[in-house]
Amino acid sequence: MKPDISLTEREEAILQAVVDLYVKTAEPVGSRAIAQRYKLGLSPATIRNTMQDLEECGVLVQPHTSAGRVPTDLGYRYFVDKLLRPEALTEVESTEIRRQVEHDPVALHEILSQTSRVLSRLTNQLGVSVAPAFEKGVLHRIDLVQVTSTRVLVIIAVRSGLARTLLLEVDTEIPAARLDETRRQLNERLAGLTLAEVQRTAAERLRDTQGEPRLVKMFIESSERLITLQESDDLHLDGASKIMTQPEFRDTTSLSGLLQVIEDRAHLLERLKANEAGDGIIITIGEEFNDLDL
């Protein structure tokens, strides 16, 4: 949803004031409140007429006849695309973020957990971080570990630091030399491919491998489940209690609905990944976020 409207400087100033005050109070914004708080050099009557024009443009709406106005999804989109100015982090904030996020650079799940925690602290909001899509990763290494005489642990690691494991049941113990040869063959033929390519071409690439046939066959049959498996560690949340300090959640009905979404981690993760749209900062507003039903 991209705004295809053009507002005057006065209209933009009043829209910005409405968004700012509505975010702070979660109450419809009236012309008198804007005149008193924002010192725009305009009378309440002039502001009221301009707000009426903005309503006709579709960026504001009046929920009740006697109430002030609130931004629409289109109004928020116009504000984000044309009026919002990012604020640079202070040196203290940058140093603190680096210190906390780099606490354990080897463990990706810990980095993601720290990221959501830092984001929550900086914004006083719910912090959410999501691991990169595993199937889009590039295979770094496959390891095979004999856990018991009839169980082999398969570990798939990708270059981003993510890993998946799967326990395979075998009929009899596989000699260490055969296990090592199978591991070497798997890495030789599959490392460097994306996991989607591994899933799609593993059977062909491993057709004449010299590795242990039983294990190779089980790996091929299990590759789809191993690669697309979703783990709870993919999603990290922090600062849920901060939601209750936001003015829009004074209504416990709204708060209850949001908490239900947060508790359904699998669905939340699915919706977040479905809305991935590329690199950089992406701001999704209202109905743009598909069917989260917030």
Side-chain angles (χ1 to χ4, degrees), residues 1-65 67-94 97 115-116 118-129 239 242-243 245-251 254 258 271-272 275-290 292 294:
M1 176 181 60
K2 294 293 183 183
D4 56 359
I5 57 175
S6 179
L7 302 182
T8 66
E9 187 175 337
R10 174 188 294 177
E11 289 170 336
E12 287 186 345
I14 291 176
L15 174 61
Q16 188 161 6
V18 172
V19 171
D20 180 69
L21 193 52
Y22 184 65
V23 168
K24 290 176 178 175
T25 66
E27 297 288 347
V29 178
S31 57
R32 189 173 298 278
I34 292 178
Q36 292 173 344
R37 285 175 176 254
Y38 293 93
K39 312 301 180 186
L40 300 178
L42 302 171
S43 68
T46 300
I47 294 173
R48 184 164 51 253
N49 290 337
T50 304
M51 292 173 74
Q52 198 163 16
D53 293 339
L54 290 171
E55 187 174 359
E56 292 174 1
C57 289
V59 297
L60 296 182
V61 66
Q62 190 173 29
H64 308 290
T65 305
R69 290 171 172 82
V70 302
T72 63
D73 286 359
L74 181 62
Y76 282 123
R77 175 51 62 194
Y78 190 99
F79 172 79
V80 165
D81 289 351
K82 300 190 176 183
L83 304 180
L84 187 62
R85 299 292 179 265
E87 295 183 12
L89 292 172
T90 67
E91 185 59 34
V92 172
E93 290 171 331
S94 298
I97 290 173
T115 299
S116 61
V118 171
L119 182 61
S120 176
R121 289 174 183 171
L122 285 176
T123 62
N124 202 37
Q125 301 276 358
L126 176 69
V128 181
S129 62
K242 297 182 186 297
I243 295 172
T245 67
Q246 302 304 316
E248 58 266 40
F249 295 116
R250 287 193 294 262
D251 179 358
S254 299
L258 179 58
R271 299 318 318 150
L272 288 171
N275 280 272
E276 289 178 343
D279 297 328
I281 297 175
I282 301 165
I283 299 176
T284 307
I285 298 168
E287 294 182 356
E288 298 172 3
F289 203 59
N290 292 346
L292 264 184
L294 296 181

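Residues that satisfy the side chain to side chain contact (heavy atoms under 4.5 Å, CB included) test with Glu91, not counting sequence neighbours, are Thr95, Arg98. Under the side chain to side chain contact (heavy atoms under 4.5 Å, CB included) criterion, Ser116 pairs with Ser129, His236, Asp238, sequence neighbours left out. Qualifying side chain to side chain contact (heavy atoms under 4.5 Å, CB included) partners for Glu12, counting only residues two or more places apart in sequence or in other chains: Leu7, Tyr78, Leu83. Annotation: side chain to side chain donor-acceptor pair (under 3.5 Å) contacts of Thr46 (sequence neighbours excluded): Ser43. In this structure, Gln16 has no side chain to side chain donor-acceptor pair (under 3.5 Å) partners at least two apart in sequence or on a different chain. Partners of Ser6 by side chain to side chain donor-acceptor pair (under 3.5 Å), not counting sequence neighbours: none found. Under the side chain to side chain contact (heavy atoms under 4.5 Å, CB included) criterion, Leu119 pairs with Thr123, not counting sequence neighbours. Evaluation of the side chain to side chain donor-acceptor pair (under 3.5 Å) rule for Thr245 yields no partner, not counting sequence neighbours.
Distance alone, capped at 3.5 Å, places no donor-acceptor pair between the Thr72 side chain and the Val61 backbone. Put simply, the side chain of Ser120 gets close to the backbone of Gln125: a donor and an acceptor are under 3.5 Å apart.
Between Met51 and Ile34, the closest side-chain pair of non-hydrogen atoms falls below 4.5 Å. You'll find the side chain of Leu40 stays beyond 4.5 Å of the side chain of Arg10, heavy atoms only.
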Listed pairs under 3.5 Å, donor-acceptor, residues 17-25 side chains, sequence neighbours left out:
{"residue": "Asp20", "atom": "OD2", "partner": "Lys24", "partner atom": "NZ", "Å": "3.1"}
{"residue": "Asp20", "atom": "OD2", "partner": "Tyr38", "partner atom": "OH", "Å": "2.5"}
{"residue": "Thr25", "atom": "OG1", "partner": "Leu21", "partner atom": "O", "Å": "2.9"}
{"residue": "Thr25", "atom": "OG1", "partner": "Glu27", "partner atom": "N", "Å": "3.2"}

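Contacts classified as side-chain hydrogen bond (donor to acceptor under 3.5 Å, both in side chains) and involving residues 49-59 (residues at least two apart or in different chains) are given here: Glu55-Arg69. Counting only residues at least two apart or in different chains, salt bridge (charged side-chain N to carboxylate O under 4.0 Å, His left out) contacts with residues 32-48 are absent.
Ala35 approaches Pro44 most closely through the heavy-atom pair CB-CG, 4.0 Å. The nearest pair of heavy atoms linking Ile47 to Ile14 is CA-CD1, 4.0 Å.
Between the CG atom of Leu54 and the OG1 atom of Thr8 there is a distance of 7.5 Å, given to the nearest 0.5 Å. One distance of note links CD of Glu11 with CD1 of Ile5; it measures 8.5 Å at 0.5 Å rounding.
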